[in-house]
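Shown next, in structure tokens, is the structure this report addresses.
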Amino acid sequence: MVRDWPAAELIETERLVLEPLRISHAAEMAPLLHDERLHEFIGGEPASQEQLRARYARQVAGRSPDGSQGWLNWIVRHRATGDAVGTVQATVRLDGEREVAELAWVVAAPQQGRGYAGEAALGMVGWLDRKGIDALIAHVHPDHLASARIAERLGLRATDVVVDGELRWASC
């Protein structure tokens, strides 16, 4: 069983604020995440507002039903405007004696190309590092070059492991 995480915290970067995800964010995020290419990357969900609410309800729970994984999720907002631009998440699990965080980030199509995903991912990794997590794995779709560049910036290396069509990049 993974440790209990402290109450959700804001993570602030130069241009962004990562706010702990709540179910109520579904209404705000659904229009931003309605992107066919993104749906391919995440297995077709969320296809509807109800699916997104259900997904957020699972994620906000803080841990998997069997207690084997901690779920940490943030909505990413532009600091100056407060507008939502995407989400970042870390799923923390035990691998032997150490905790490993599996990372994923999504920036909505209208906000892409501005470096928000990399800035949010770096902020999240800094937070995880302060919490004592140093083993990282990122989920990177092979056709998404920007995510591969972010994984490189995080100090991760591509592995031979492919799960659900995504290549795993790892720190170890």
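Side chains included, hydrogens not; waters and symmetry mates left out as well; all remaining heavy atoms used. These numbers come from a predicted model, not from an experiment.
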Working note: Arg93 + Glu99, criterion salt bridge (Lys or Arg N to Asp or Glu O under 4.0 Å); need CA distance, chi angles, decisive distance, verdict. CA-CA 6 Å; Arg93 61 179 170 75; Glu99 291 176 307; over 6 Å; no

Kindly compute the distance separating [atom1] ([X]) from [atom2] ([Y]), expressed to the nearest 0.5 Å.
| X | Y | atom1 | atom2 | value |
| --- | --- | --- | --- | --- |
| Met124 | Leu16 | CE | CG | 12.5 Å |
| Leu18 | Thr87 | CG | OG1 | 9.5 Å |
| Glu119 | Ile150 | CD | CD1 | 11.0 Å |
| Ile133 | Leu103 | CD1 | CG | 10.0 Å |
| Leu128 | Arg130 | CG | CZ | 9.0 Å |

Can any side-chain N or O of Arg98 pair as donor or acceptor with the backbone N or O of Leu94 at less than 3.5 Å?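 It does not hold such a pair.
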
Distance-only side-chain donor-acceptor flag, [X] / [Y], under 3.5 Å:
| X | Y | result |
| --- | --- | --- |
| Trp105 | Ser147 | yes |
| Glu9 | Trp127 | yes |
| Thr91 | Glu102 | no |

Only one of Val88, Thr13, Ile11 passes side chain to side chain contact (heavy atoms under 4.5 Å, CB included) with Val76; say which it is.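 Single pass found, and it is Val88.
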
I need the minimum non-hydrogen distance between [X] and [Y], along with the two atoms involved.
| X | Y | value |
| --- | --- | --- |
| Ala84 | Ile75 | CB-CD1, 3.9 Å |
| Arg79 | Glu14 | NE-O, 3.4 Å |
| Thr159 | Ala170 | CG2-CB, 3.9 Å |
| Glu19 | Leu10 | CA-CD2, 3.6 Å |

Any Leu167 side-chain heavy atom under 4.5 Å of Val161 side chain: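 In short, these two side chains do not touch, never coming nearer than 4.5 Å.
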
Criterion side chain to side chain contact (heavy atoms under 4.5 Å, CB included) on Arg77 and Asp83, from CA distance to verdict: CA-CA 5 Å; Arg77 296 188 180 282; Asp83 293 338; over 6 Å; no

Under a 4.5 Å side-chain heavy-atom rule over Ile, Leu, Val, Met, Phe, Trp and Tyr, are Val140 and Val162 clustered together?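 Cluster IDs for Val140 and Val162 match.
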
Steps toward side chain to side chain contact (heavy atoms under 4.5 Å, CB included) verdict (Val100, Ile137): CA-CA 7 Å; Val100 176; Ile137 297 172; 3.7 Å; yes

Trace of the side chain to side chain contact (heavy atoms under 4.5 Å, CB included) decision for Trp169 with His139: CA-CA 7 Å; Trp169 289 60; His139 300 200; over 6 Å; no

Tell me, with the steps shown, if Tyr116 and Arg15 meet side chain to side chain contact (heavy atoms under 4.5 Å, CB included). CA-CA 8 Å; Tyr116 294 153; Arg15 299 178 298 163; 3.5 Å; yes

